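Have a look at the structure below, then the notes.
Just the heavy atoms: all of them, side chains too, but no hydrogens, waters or symmetry mates, feed the values below. Note that the numbering runs from 1 along the sequence shown for the chain. If you're wondering where the values come from, they're calculated on a predicted model, not measured in any experiment. When a ligand or atom number is given, it counts from 1 through the structure's own listing order.
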Amino acid sequence: MTYENIYIEEEGAIATITIDRPKKLNALNKATIEELHQAFKELDEDKEIKVIIITGSGEKAFVAGADISEFAHFSVEQGGLLAAKGQELLFDFVAHLSTPVIGAINGFALGGGLELAMSCHFRVASENAKMGLPEVSLGVIPGYGGTQRLPQLVGKGVAMEMIMTASMVDAQKALQHGLVNYVLPQEELLAFCRKLAQKITNNSSVAITQAINAVNAGYNPKADGYAVEIDAFGRCFGTDDFKEGTAAFLEKRKADFPGS
Ligand code: COA
């Protein structure tokens, strides 16, 4: 499929999705959300792809939020639908993807931009990155999972402060809060993310998918995370990856996981 608002680069088992609306600071309009859904779906179904990195084009922004021009005149009903559809197509979709997703935050990650970064399985930021949920300054609240994922990552008090003050934190503060795992000079950001991705590709993709499900279950009030973990642990014993991983260890060689 050809995309107008994003582009994809593949390097071995690692795919990088770049959101490409630099003139609008990569703001998420409806078309971009739909393209991102399609891209994540296709890459997740591609068994050659083991890790996905998502970033923004240009040096200024990862994503400066949902596209305000598209929803400024929405009704109550349309507002609710916007949040529901966005969560289903992109934010929950990414959080529950079976392929690991790394958010490479190369600049402003505001509103829906930070919510997209928080949907990724973990995040790395460049030194110039600035993050925040400024929605209450627009008379609305975060609607793409921000009120849930921000407290999970930084704790309730810091999340409340960030949401209520609508202010941004810089990359170092985000690191201190646990919102991002590393901070790098901008020119090193993608290479560093690809190095991390490479490390992930050395491991069993089947086991990683089970681990993503088990970790996510712990944040789902309707699920019992420990029970999901037990079930996922057991399932691993039926995989070719488990046979290869344990055999390789016992034979003192590097595992070559078949990914099944
Ligand atoms: N939705 C739609 N357009 C956006 C946008 C958004 N969330 N964020 C930025 N843009 C557009 C601007 O309207 C501007 O377009 P124009 O050149 O056609 O006027 C362009 O991107 C550049 O932004 P600009 O505001 O001129 O850049 P800046 O360097 O002065 O400020 C920000 C950068 C990020 C501080 C500022 O753009 C901003 O506050 N954006 C909105 C952030 C926000 O509230 N996001 C949450 C949305 S729910």
Please name the pair of heavy atoms, one in [X] and one in [Y], separated by the smallest distance, quoted to 0.1 Å.
{"X": "Glu244", "Y": "Asp256", "result": "OE2-N, 2.7 Å"}
{"X": "Ile6", "Y": "Ile19", "result": "CG2-CA, 4.1 Å"}
{"X": "Lys243", "Y": "Gly238", "result": "NZ-O, 4.3 Å"}

Q. Contact between Ala66 and ligand 1, counting heavy atoms under 4.0 Å?
A. yes
Q. Closer than 4.0 angstrom: is that true for some heavy atom of Lys60 and an atom of ligand 1?
A. yes
**Q.** Verdict with reasoning, Asn106 to Ser126, per side-chain hydrogen bond (donor to acceptor under 3.5 Å, both in side chains)
**A.** CA-CA 5 Å; Asn106 59 308; Ser126 57; over 6 Å; no
Q | Ala27 contact mode with ligand 1 (heavy-atom cut-off under 4.0 Å) | A | side chain
Q. Asp67 pairs by salt bridge (Lys or Arg N to Asp or Glu O under 4.0 Å) with which of Lys24, Arg21, Lys30?
A. Arg21
Q: State, with a plain yes or no, whether a side-chain heavy atom of Lys85 is found less than 4.5 Å away from one of Leu81.
A: no
Per-atom contacts, ligand 1 versus [X] - under 4.0 Å to a heavy atom:
{"X": "Lys23", "value": "20 (C), 21 (O), 22 (C)"}
{"X": "Leu110", "value": "34 (C), 42 (C)"}
{"X": "Leu138", "value": "44 (O), 47 (C), 48 (S)"}
{"X": "Asp67", "value": "1 (N), 2 (C)"}

Q: Could you pull out, from Lys24, Glu115, Lys130, Met168, the option with a heavy atom nearest to atom 35 (C) of ligand 1?
A: Met168
(Q) Can you check which of Ala64, Gly113, Ala109, Pro134 brings a heavy atom nearest to atom 44 (O) of ligand 1? (A) Pro134
So, for [atom], does the protein have a heavy atom nearer than 4.0 Å?
{"atom": "atom 27 (O) of ligand 1", "answer": "yes"}
{"atom": "atom 23 (O) of ligand 1", "answer": "yes"}
{"atom": "atom 39 (O) of ligand 1", "answer": "no"}
{"atom": "atom 2 (C) of ligand 1", "answer": "yes"}
{"atom": "atom 13 (O) of ligand 1", "answer": "no"}
{"atom": "atom 6 (C) of ligand 1", "answer": "yes"}

Q: Assert yes or no for the condition that the ring centre distance of Phe192 to Tyr182 is strictly below 6.0 Å.
A: yes
Q: Quick one: sort the Tyr144 and Phe91 rings into parallel, tilted or perpendicular, breaks at 30° and 60°.
A: parallel
Q: Could you check Glu10, Glu9, Arg194 and say which one makes a side chain to side chain donor-acceptor pair (under 3.5 Å) with Thr16?
A: Arg194
Q: Decide if atom CD of Glu229 counts as having more than 12 heavy atoms of other residues, nucleotides or ligands within a radius under 6.0 Å.
A: no
Q: Taking atom NZ of Lys50 as the centre, report whether more than 12 heavy atoms of other residues, nucleotides or ligands fall under 6.0 Å from it.
A: yes
Q | atom 32 (C) of ligand 1 - nearest protein heavy atom and its distance | A | Leu25 CD1, 4.2 Å
Q) Can you check whether Gly112 has an N/O within less than 3.5 Å of an N/O in ligand 1? A) no
